Number of protein chains: 2
Amino acid sequence: MLKSKHITDNPKLYIFLPLYYTLWADGVLTPTELKEINALIEKQSWINEEEKNWLLSLLNPSNPPKPTDFKSWKSEVKKLDLNNLANLYEIGKALAIYHSGQKKLDFEPRLQTDFQETELNLGLLSGEAGYTFKSDHKTITTEYHKERNFEVEKMTSLLDGNQSLLIKNVKKVIADPSFAYREYDSLLDQREQVLQWCQELAKQGYGSWAFPQYAGGKDDMEGYFTIMETLSYHDLSMVIKFGVQFGLWGMSVYFLGTEKHHKKYLKDIGSLRLPGCFAMTETGHGSNVRGLETTATYNKEDETFLIHTPNPEARKEYIGNAALHGQAATVFAKLIIDGEDYGVNAFVVPLRTSEGKSIKGVRIEDCGRKMGLNGVDNGVIYFDQVVIPKENMLDKFATVNERGEFESPISSDNRRFFTMLGTLVGGRIGIPRSALSASKTGLTIAIRYGETRKQFGPEGGEEVPILNYRMHQRRLMPPLAKSYALHFALKYLTQRFLDRKEEDAQEIEALAAGLKAYATWFTTATLQECREACGGKGYLSENRIDALKNDTDVYTTFEGDNVVLMQLVAKNRLTEFRQEFGDMNIFTVFNYITSQAKTSFIEKNPIITRNTDQGHLLDFNFHLNAFRYREKAILNSAAQRLKRHIDEGMDSFDAFNVAQHHLVNVGKAYIERVVLEQFQKQVHETTDQYCKSALTQLCQLYALHTIEQNRGWYLEQGYMEGNKTKAIRKEVNQLCWEVRKNALALTDAFDIPESCIGAPIARREV
Amino acid sequence: MLKSKHITDNPKLYIFLPLYYTLWADGVLTPTELKEINALIEKQSWINEEEKNWLLSLLNPSNPPKPTDFKSWKSEVKKLDLNNLANLYEIGKALAIYHSGQKKLDFEPRLQTDFQETELNLGLLSGEAGYTFKSDHKTITTEYHKERNFEVEKMTSLLDGNQSLLIKNVKKVIADPSFAYREYDSLLDQREQVLQWCQELAKQGYGSWAFPQYAGGKDDMEGYFTIMETLSYHDLSMVIKFGVQFGLWGMSVYFLGTEKHHKKYLKDIGSLRLPGCFAMTETGHGSNVRGLETTATYNKEDETFLIHTPNPEARKEYIGNAALHGQAATVFAKLIIDGEDYGVNAFVVPLRTSEGKSIKGVRIEDCGRKMGLNGVDNGVIYFDQVVIPKENMLDKFATVNERGEFESPISSDNRRFFTMLGTLVGGRIGIPRSALSASKTGLTIAIRYGETRKQFGPEGGEEVPILNYRMHQRRLMPPLAKSYALHFALKYLTQRFLDRKEEDAQEIEALAAGLKAYATWFTTATLQECREACGGKGYLSENRIDALKNDTDVYTTFEGDNVVLMQLVAKNRLTEFRQEFGDMNIFTVFNYITSQAKTSFIEKNPIITRNTDQGHLLDFNFHLNAFRYREKAILNSAAQRLKRHIDEGMDSFDAFNVAQHHLVNVGKAYIERVVLEQFQKQVHETTDQYCKSALTQLCQLYALHTIEQNRGWYLEQGYMEGNKTKAIRKEVNQLCWEVRKNALALTDAFDIPESCIGAPIARREV
């Protein structure tokens, strides 16, 4: 093109060059495009026939410009100062003037209109086509960046609350070089390292923290949970090994045993001189622990129990600390006296001598490699007629008296067992708090990476931090908001547990079960998003998401399978329902509900169902009402449905199975309401206005994102109309966009030790 | 109770025993319960005052029955033949008669009514309370079990189609004892094993299957995909190493090179004598490969290229086969001639000698441990001025001529690069097919376990296979249906690819990108469900879900990040849209759409939006119309939205970012429609009526479950009303219940070698 005599003779023809370049850039010339250009050229009276033919000859689809020529077209344009040239016409004109050697060229006034019409018809965005030639194409997406609208330290101390000092101390320990992450040569190597870390923690007094002072403890259960949570920024095998030893093994002795057991064991448990296990789960019975088959048969003659595994399905499985280190275990077994079965009770059974030699009758196998938590030595235990003395029965809730008779204040074996389990609810508080820490670490890594990683950008502009992309924000901002929400909800659960009275027991059990399920599912989902959000880097083990994800994957299973737990929550809610109605019996409640269904719970109001006003959508009351409505309505409909099935003669077991999916939603809706309530409460109580405003946004995002996820339900119910759920989606997008600014600071506020984060892609520039 | 003189004097009082037992069983006596019993007792004229006082004394909440006594109550009842006793009243009456020593006892006729009223008021289900004492409580849930309504072999041959023989042969190889799974001592050990397996496969001729016959191949691309898919029942590191060598390295030479390259390399690649890599991705550029920075500078003097890594971000990263075994690589680098940049081109660059010594200027680092696929030796490559001869340029799409000038039939560098990438679309077919195999293995394991694992059951009845529970069915049946759906969709994609003509290129690229994203996300989600559905057993590495999940986790990232791919699909659909309208330009289309929005796409009709008739809900046409409607409407609204933003002056880059979430849904809706269409087509073409009926159910489940997932959208649009989406949910539940019967047989039809399934929990009883 450039060397043709036509263009050297008539430099005005240069005006076509930028347009031609743009057309050829996508490699294909369509018939429509040819037609449009043809029309443009034909209209130009200042071009003679020969020139026209030449211009048209440059648009032959079977004879595209040579790459070198094509490239030289662009170089021509690059010679210009492009700053004030808005579109292809202006660039072309400037080019023509440049080549004419004159200061100005006269073009027909119509030419500009003709060009713009052609550009429009070709679907070229006139304002943007020019960016092909420029190198400073700025857009809102390019320019957007982080800000920090609050003081990170203030947010941290708000999160840490009264536990601040303990948290700092624990962090100091896990940030010590002796706690540095490393690769392991073998399973054994990893397990020994984890044991060593636990020993160090015990030495520092953290193992016995919840135990009585005479056992070397601080009698501080709240502190124990704080320790678990803070340790969870570090290696999770260590956390679980710690939890098995001091939580499961220690607390079972503490809560199911009596003074003689406390005096005998707690000190050695707290110091890790006596490593032990919690042997409940059997191969055949994981969720339905009521069906455990291991037996503890009382022998009146010599006042002993015979612990025995009657069949392979009754072997204890997945028992932490069993494969290598455990010297004793709290074993759950059916107590048999004189051939009579008194249900599941707990016994301390030795497994190994302090030198590690196994006890006669105890056979232990290694569970081997697991998806994660390979630093924990899980094992399988078989008991073959192991004899233990009578005093080894943990006898807080039942004893065998001197005459060899069973005694207990609780008549029913099942009820007694569930009461025992109820005292161990602490495990269902420690696990979600640990899970949340892992989510926080994952989010910190992914958000830091999203801030520094740049990919793609506008034509001729810089690449953009991937956190500026809507999909990336949609992946990471709602989980960030939810991690704050869960933080406060788990704090609330802990407080309820610490302040518990007997009459709260069932509610707290439901709350713990529900939050355990909700938080651990959240963690699994969040770490999956973090992995994908970090792309290939997220797949490399060095960047830690591997370990976080695989170690926490089993959190949805242990301490109660999440689906089973959510049903437990739902059943509890159905009973609560009954209590709310002043101890009416369940059928009266069912009837009451049915008659009320159309009135009391229905707060639908056409003004509200359609209101898409931003003030309304961001309003805390709107959120909480929507959550409460869902909770009540879904519980109500589950109750009605169960009643209907049973009225129709369905077996209640079948009825509960048919409604199982519904019941899981009853549990979720309840938990979501509690979480939102606690988050809002926290916002109200926050005094620092900058923190408050950041938290307000997160709380709004949590609420609206949850409503968005449940929008199918709200629409089905007629609680909202389509225009409103659409407006909510838009608002969620906007909140993600806003929260993104603070995102880095919000993860900084978690204040996770840099050495624990560990991931090279999340390394702080010092 | 039993020893009291009252009851020995008046055995009729035994009638209260079963009721009392039931009341104490839950451990708590509420005031209401006490009141009810009080009333019942007071009404009885046949009981004297003293007896009444005694009966009431047994209900003192602060003095519950002793466990031994409580237990003896039950033993009393157990003495009876409970078979024909329907409720607590009848059991009590039988007990009284038994203890009276008489054949019959006279009770007041009102007593039965009184009892039943009390039971009702207490919320006891009269028909069920008796099960506490029985041991054969049968329910629908208990009795439900597997069936097989079709011949497994017929289904298998339907799935395998014309590839049946090849599949059988490949299975024979991977089921060979030399392919047995084992634990590895180290990363090195694992990598060597995987290399050895690949060598064995090459020896059997599978590596060169797609190559020309002169290179030892069968010229059979379809077979190559079949091989990848079948190998994926075995170790996935092996599959990826295989894919890197024969697919990426081999096909890049095949499709980007010319005859001289084919003759020189293909034979050695196919036999694995020349292990190689595909070096495209750089640390700084993963998704946005257009921005690659490695340079290949042409030196006219000696006709060589200088391959160079200009900065650390430009190092090649995650390159499979690089860390240990690769001797050469297809390197993508910007071609520079005389200082001019000709965009990204491909070059064969040596990495190591055949003895494994590294080539001067090539520095390779090991990527180290990854979340999975640790049998693949991924590495990082830096090039420091590495000289290669001119003939090493893979010159199918561009060459440097004898005068040292760049030549290509494609003018634009970007267009040329994307054309090159387009020829490599096969990778996006192999990956989802491999992912699907992994899903099938996971589902086989989880469904087999769900069939044998029993947990919980009705009071007094047997435990139930967990696959009989609704939530378990909801977890596993929709993915089972979807795995069949995807099987046929991927078969279709493969066929389209094999039959491709130039004008189909863009559509096939979009289809491959979309199905790759859809299938790999499906695999990640499905394996997560399988893991959780297998509980603790699913967490043990021996049960294989660990490896399946971790190995496939990166599938959502490599061969194109899924989110990026879905946007690519959406952009392609927006262009297709344009083509549908006969090459109108994009703005004309936008305008046309806007004016048509309220008419042509809206096929809402009150009869259909509300129709909850089962026949309608299961109707293939209803499903396909709903999918098509969603596809069109969502594409249409995305187009409108982009136009609106741009009209309002938004930069198009920003507009696409704002609509990003919407665009991903455009991609999904398109893919879902294609998947359903192909599944329905397969059902129509199935001649065996039993297979056809099983597939029909799966197809209905896939369709309705997908609609259920998108119900928020359908409700928002007014395409369905709430009563309809509720009816759909019910139908999904019912279909899950139905499909569960065939579930085991449906996984048997995948015909995965037992040795490949490997999991002890899924072991077939022989």
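In what follows, chains carry the letters A, B, and so on, assigned in the order in which the sequence lines appear, proteins first and then strands, with residues in each chain numbered from 1. Quantities reported herein were computed from a predicted structural model and do not represent experimental measurements.
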Quiz item: Is the number of heavy atoms from other residues, nucleotides or ligands under 6.0 Å of B:I140 CD1 greater than 12?
Solution: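 Result for CD1/B:I140: open.
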
Quiz prompt | More than 12 heavy atoms from other groups under 6.0 Å of NZ on A:K71 | solution =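 Enclosed: over 12 neighbouring heavy atoms sit under 6.0 Å from NZ of A:K71.
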
Look at [options] and state which one has the largest set of heavy-atom pairs under 4.5 Å with chain B.
options	answer
A:G343, A:G538, A:G372, A:A547	A:G372
A:K370, A:H472, A:M371	A:M371
A:Y318, A:Y21, A:F406	A:Y318
A:E183, A:R475, A:Q455	A:Q455
A:G461, A:P64, A:S411, A:A659	A:S411
A:P409, A:S412, A:P67, A:G286	A:P67

Using only atom types and a distance under 3.5 Å, with no angle test, would you say the side chain of [X] pairs donor to acceptor with the backbone of [Y]?
X	Y	value
A:T419	A:R415	yes
A:S408	A:A398	no
A:S652	A:A655	no
A:D546	A:Y539	no

Select one option (side chain, backbone, both, neither) describing which atoms of [X] are under 4.5 Å from chain B's heavy atoms.
X	value
A:W73	neither
A:R474	side chain
A:Q528	side chain
A:Y131	side chain
A:M720	neither
A:E721	neither
A:L373	both
A:V464	side chain
A:Q567	neither
A:I410	backbone
A:H137	side chain
A:N562	neither
A:R531	side chain

Heavy-atom pairs under 4.5 Å with chain A: which of [options] has the most?
options	result
B:N374, B:N550, B:D651	B:D651
B:K74, B:E340, B:R453	B:R453
B:L715, B:V554, B:T557, B:L540	B:V554
B:N468, B:T556, B:D553	B:D553
B:D413, B:N414, B:I545	B:D413
B:N733, B:T524, B:N710, B:L663	B:T524

No-hydrogen, no-angle side-chain donor-acceptor test under 3.5 Å, [X] and [Y]:
X	Y	result
B:E36	B:N121	yes
A:E313	A:T283	no
A:S75	A:S72	no

Self-check item: Name of the residue among A:K724, A:R711, A:K726 meeting salt bridge (charged side-chain N to carboxylate O under 4.0 Å, His left out) with B:E716
Solution: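 So, applying the salt bridge (charged side-chain N to carboxylate O under 4.0 Å, His left out) to B:E716 and each of A:K724, A:R711, A:K726, only A:R711 qualifies.
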
Quiz item: Is there a side-chain contact between A:W521 and A:M566 (heavy atoms, below 4.5 Å)?
Solution: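 SC-SC contact between A:W521 and A:M566 confirmed.
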
Quiz item: Going through the distances and angles, do A:W737 and A:Y144 end up as a ring-ring contact (aromatic ring centres under 6.0 Å, His included)?
Solution: CA-CA 9 Å; A:W737 180 256; A:Y144 202 59; 3.8 Å; yes

Exercise. Measure B:E463 against the heavy atoms of chain A and call it side chain, backbone, both or neither at under 4.5 Å.
Key: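 The side chain, not the backbone.
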
Self-check item: Portion of B:V658 that has a non-hydrogen atom of chain A nearer than 4.5 angstrom
Solution: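 For B:V658, heavy atoms of backbone and side chain both lie under 4.5 Å from chain A.
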
Self-check item: Pair B:K66 + A:E405: basic N to acidic O under 4.0 Å
Solution: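 Here B:K66 does not pair with A:E405 in a salt bridge, since their nearest N and O are not under 4.0 Å apart.
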
Quiz item: If you take all heavy atoms of B:M471 and A:Q660, which pair is closest and at what distance?
Solution: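 The pair with the smallest heavy-atom distance is N-OE1, 2.7 Å.
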
Quiz item: If you look at every heavy atom in B:Y469 and B:G457, which pair is closest and at what distance?
Solution: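 Taking every non-hydrogen atom into account, OH-N, 3.9 Å.
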
Quiz prompt | Distance, nearest 0.5 Å, that separates CG of A:D561 from CD of B:E532 | solution =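 One finds 8.0 Å between CG of A:D561 and CD of B:E532.
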
